[in-house]
Amino acid sequence: MDTPLTTLTAAGETDSRHLQILKQLERKLLWLSSWMIHNANHIRPNRDGLKVGGHQASCASVISIMTALYFEIARPQDRIAVKPHAGPVFHAINYLFGRQTRDMMQGLRQLGGVQSYPSRVKDGPEVDFSTGSVGLGVAMTTFSALMADYVRLHNLGRADLPPGRHIAIAGDAELDEGNIYEALLEGWKHDVRNLWWIVDYNRQSLDSVVPDRLFGRIEGLFRDMGWNVITIKYGRKLEAAFAREGGEALRAWIDDCPNSLYSALTFQGGASWRQALLADLGRSKARAIIDPLTDDDLGALMTNLGGHDIETVIDTLRGETAGDQPTCFIAYTIKGMGLPFAGHKDNHAGLMTKEQMEVFRSFMNIRPGHEWDLFEGLDLPEDELRDFLASCPFATPLTPEGRSLTAPLVSVPAALPVAKLAGRRTSTQAGFGDILAEIGRGQGELKDLAEHIVTTSPDVTVSTNLGPWVNRRGIFDRHTRNDVFRDAKLASAQRWGMSPKGQHVELGIAEQNLFLLLGAAGLTPGMTGARLLPVGTVYDPFVNRGLDALIYACYQDARFLLVSTPSGLTLAPEGGQHQSINTPLIGIAADRLASFEPAHVDELAIMLRHAFDHMQRPDGSAVWLRLSTRQLEQPARELDADAVLAGAHWVVPPADGARIAIAYQGPVAPEAAAAFAELTDEVPGAGLLAVTSPDRLHAGWLAALRARRNGQAAQSHIERVLAPLAPGAALVTVLDGHPATHAWFGSVRGQRVVPLGPDHFGQSGDIPDLYREYDIDTDAILDACAQALLG
Ligand SMILES: Cc1ncc(C[n+]2csc(CCOP(=O)(O)OP(=O)(O)O)c2C)c(N)n1
Ligand SMILES: [Mg+2]
């Protein structure tokens with residue numbers, strides 16, 4: 001043991017019974033979180049030699065805060081995002097509440113066991129927000145608070161349930177993430193409320209101790225954004241010492257102590273504290289405080305920070321009833337508090353050794369073989385502890401079904417309203433705006449759908465064609481604000497009146513906020529009992545800007561519709577950096593996100609209808625539509641909706657045994673059709689395939705391969721589609737996106753693919769020039785056909 005274990009959890013003789021129990025639970029959480037990580041790393045068989053990992057120090061840091069929150073302060077209607085690396089503490093809390101099993105606890109970080117970081121999907125309904133990518137879970141609470149208000153102000157959801165607080169327990173280094181500040185700014189604009197961020201201010205990140213003075217800056221930023229900031233700096237023991245003669249000098253000494261020195265002394269323990277204190281305060285009256293203490297007691301005094309003093313934490317949190325202003329609590333803590341590596345700068349991934357764990361076990365009074373026993377090693381009667389846990393406010397059921405709510409389905413008509421477009425020229429983006437505006441009338445069978453849609457966009461509402469919908473449904477704002485231009489009778493196509501009944505949430509340009517908002521809106525059924533159908537629009541290239549937040553939203557199975565437009569090179573003169581080439585590949589690779597790209601509005605209408613339905617299905621997912629501003633002549637035809645949704649349909653079916661087909665995706669349809677017309681002169685029987693979702697095709701193909709490996713009969717859509725072509729047939733594929741999107745088609749039936757699509761980007765131009773430059777024009781397609789036919 002490097003240092004004596006500090007007595008984080010020792011109950012004092014004068015403590016009330018209530019407090020004694022809380023301190024016992026603190027002690028239990030420290031034990032269980034450390035033990036489950038130890039078990040995973042040192043006890044469980046390790047088959048691959050990889051370190052299992054876990055964060056004992058990050059857990060220890062936040063024990064008192066989480067004890068105070070879950071066993072005293074929180075109410076079942078509160079929604080809480082837990083610092084990722086405190087996952088084991090969270091699981092241990094649920095274990096004490098009887099909401100987690102021992103098997104799952106023992107399986108930490110194992111397939112089927114509890115996850116490293118809390119996961120809504122894998123760890124069950126007690127997790128409100130998945131976390132893991134630092135910063136996102138914290139910011140997410142801003143948007144979930146906003147969405148809870150949205151639901152309430154629209155009279156959707158469970159009016160019978162009390163409104164909850166949205167709470168993030170944040171690591172201090174999470175505040176280095178830029179998305180935090182984007183969310184702060186957006187939250188201020190929307191006047192968010194009922195929001196708490198509790199910062200575990202251990203002044204350590206992964207690599208190091210954070211610079212001094214940083215927090216002065218961060219605190220100021222919170223205040224500038226309208227937050228109430230409350231610092232929980234010192235615990236009761238230290239405050240009592242400060243109140244004594246010489247105490248002011250002691251306080252000044254700690255206040256001035258650099259973070260790294262404080263951490264190092266914490267790690268070294270009482271004798272080092274004494275040496276350092278006496279070097280500076282040897283002649284001061286503070287000696288009267290220091291001298292009578294043993295080394296251990298001095299160490300305990302000097303590490304008595306507010307975030308480890310449960311009474312201080314409870315009193316502070318209880319004093320705040322989270323109302324009109326969001327509140328940030330900055331709780332000073334020590335990373336690894338109570339463990340042998342407390343304060344050590346390298347402790348982030350530090351694990352207690354077996355020897356250290358033995359000492360810790362006896363210090364905790366845990367008998368070998370009783371490590372998982374709920375009340376082992378505690379000093380109070382088991383029945384009393386059980387009764388206490390059962391009567392915690394957070395443990396009382398929010399509804400008979402628990403804290404995770406359900407919401408009725410929103411009815412989606414069999415077909416969405418689309419104007420007759422055959423022979424007319426329009427774009428998929430314009431078609432999207434028109435259909436949504438039609439839904440926005442809210443007439444007849446569209447009423448339910450219209451009332452549950454909420455739209456949002458990061459400052460590209462008008463340029464992505466959401467304008468007509470917004471004109472009908474208004475902008476959401478807690479306060480009613482008139483449109484000044486309209487009142488002054490100044491001509492504008494946009495009517496931007498704001499009110500609590502508005503259905504569009506206008507965001508500033510920050511794509512991570514878009515995805516966090518879509519994520520929060522997409523979780524409203526479970527959180528609020530209201531089913532919102534969120535629709536977010538963004539320029540396709542800037543999906544990349546918010547990609548981690550998009551993946552994060554999907555990871556927790558949020559349900560929403562993403563519409564990205566314009567896309568590809570096809571936005572032409574707008575050009576340059578606004579061109580996107582990788583997004584179709586993201587569409588294939590992103591989990592829990594079904595991606596589509598229509599070429600024509602009839603396909604779009606099918607996809608859009610499907611999206612509103614698919615978002616609501618238990619086995620559904622979020623949906624992504626990649627659209628374009630290129631106007632194309634709209635065909636007159638009857639489409640097979642199932643084929644469109646499965647990912648491809650023949651525009652001109654091939655003859656049996658055909659030697660070649662052209663497959664196109666999205667706005668390059670005219671080039672493909674022109675090339676096809678020339679091709680069929682020379683190769684009769686060729687086919688022309690419209691690819692509407694390489695993502696669905698690929699998913700279906702993988703599923704069929706897997707099923708067949710498992711001995712089941714299965715055939716995927718792409719296998720059926722390509723079946724009429726000759727076994728060695730050539731496929732020329734083309735899209736305004738990376739050609740790898742289609743290159744795999746050749747593996748489906750052993751046919752040969754010549755894939756076309758830009759693999760470079762970055763020039764302005766008009767469509768003819770750019771399509772020629774990047775080899776997706778008619779000539780390029782014909783050249784590829786020649787190459788393919790020659791083999
Ligand atoms: C986006 C992202 N980048 C990097 C990491 C790796 N990482 C995990 S924890 C951590 C530091 C966390 O420090 P802090 O938030 O202060 O937590 P604590 O000190 O309580 O462990 C980092 C960089 C991550 N999880 N997510
Ligand atoms: Mg930290």
Side-chain angles (χ1 to χ4, degrees), residues 8 29-30 33-34 37 51-66 69 81-90 109 115-119 129-141 168-183 197-212 214-215 218 232-233 259-260 262-263 266-267 303 305-308 328-339 341-351 511-512 515-516 519 544-553 555-556:
L8 164 71
L29 290 184
L30 181 62
S33 57
S34 302
I37 295 169
K51 176 184 160 182
V52 177
H55 302 87
Q56 289 172 331
S58 304
C59 289
S61 175
V62 79
I63 295 281
S64 309
I65 293 171
M66 288 180 68
L69 189 64
V82 175
K83 180 181 86 162
H85 304 85
V89 184
F90 172 77
R109 294 186 166 224
Q115 298 296 298
S116 334
Y117 315 118
S119 158
F129 306 98
S130 303
T131 54
S133 178
V134 299
L136 295 183
V138 181
M140 180 84 160
T141 55
I169 303 163
D172 48 352
E174 296 199 71
L175 302 186
D176 281 338
E177 287 285 2
N179 79 277
I180 292 281
Y181 301 94
E182 295 178 357
W197 288 1
I198 307 173
V199 181
D200 174 7
Y201 186 35
N202 59 26
R203 291 145 293 138
Q204 279 186 248
S205 56
L206 191 161
D207 282 337
S208 59
V209 177
V210 303
D212 299 299
L214 184 63
F215 236 77
I218 291 174
I232 311 176
K233 191 162 185 182
N259 287 341
S260 42
Y262 185 90
S263 296
T266 300
F267 176 70
T303 54
L305 298 184
H308 297 306
C328 174
F329 300 93
I330 300 172
Y332 276 67
T333 56
I334 291 164
K335 193 155 171 170
M337 182 64 172
L339 303 182
F341 36 59
H344 196 289
K345 73 180 178 59
D346 304 334
N347 65 11
H348 183 76
L351 297 172
E511 285 73 16
Q512 297 226 49
F515 293 119
L516 289 173
N544 288 294
R545 185 70 171 258
L547 190 53
D548 194 29
L550 169 62
I551 289 170
Y552 171 73
Y555 173 70
Q556 49 198 319

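Remember, it's 1-based here, ligands and their atoms both numbered in the order they're listed. Predicted, not measured: the structure shown is a model, and the values here were computed from it.
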Problem - Protein N, O or S within less than 2.8 Å of the Mg ion (ligand 2), waters excluded - result: D172 OD1, N202 OD1, Q204 O
Handout entry: Over all atoms of both residues, closest heavy-atom pair of N179 and G135
Key = ND2-O, 3.2 Å
Exercise for the section: Would you confirm whether N347, through its side chain, and F341, through its main-chain N or O, come within 3.5 Å as a donor-acceptor pair? Expected result: yes
Problem - Side-chain touch Q204/H348, heavy atoms, less than 4.5 angstrom - result: no
Practice task
Answer yes or no: is there a side-chain heavy-atom contact under 4.5 Å between M66 and V82?
Solution key: yes
Practice task
For ligand 1, would you mind listing the residues that have at least one heavy atom less than 4.0 Å away, ordered by chain and number?
Solution key: S58, K83, H85, G132, S133, V134, G171, D172, A173, E174, E177, D200, N202, Q204, S205, L206, K335, H348
Handout entry: Partner residues of Q56 under the side-chain hydrogen bond (donor to acceptor under 3.5 Å, both in side chains) criterion, sequence neighbours left out
Key = none
Handout entry: Residues that T141 engages under side-chain hydrogen bond (donor to acceptor under 3.5 Å, both in side chains), provided they are two or more places apart
Key = W197
Handout entry: More than 12 heavy atoms of other groups within 6.0 Å of K345 NZ
Key = no
Handout entry: Nearest heavy-atom neighbours spanning K51 and L351
Key = CE-CD1, 4.2 Å
Problem - CG on L550 to CZ on R545, rounded to 0.5 Å - result: 15.0 Å
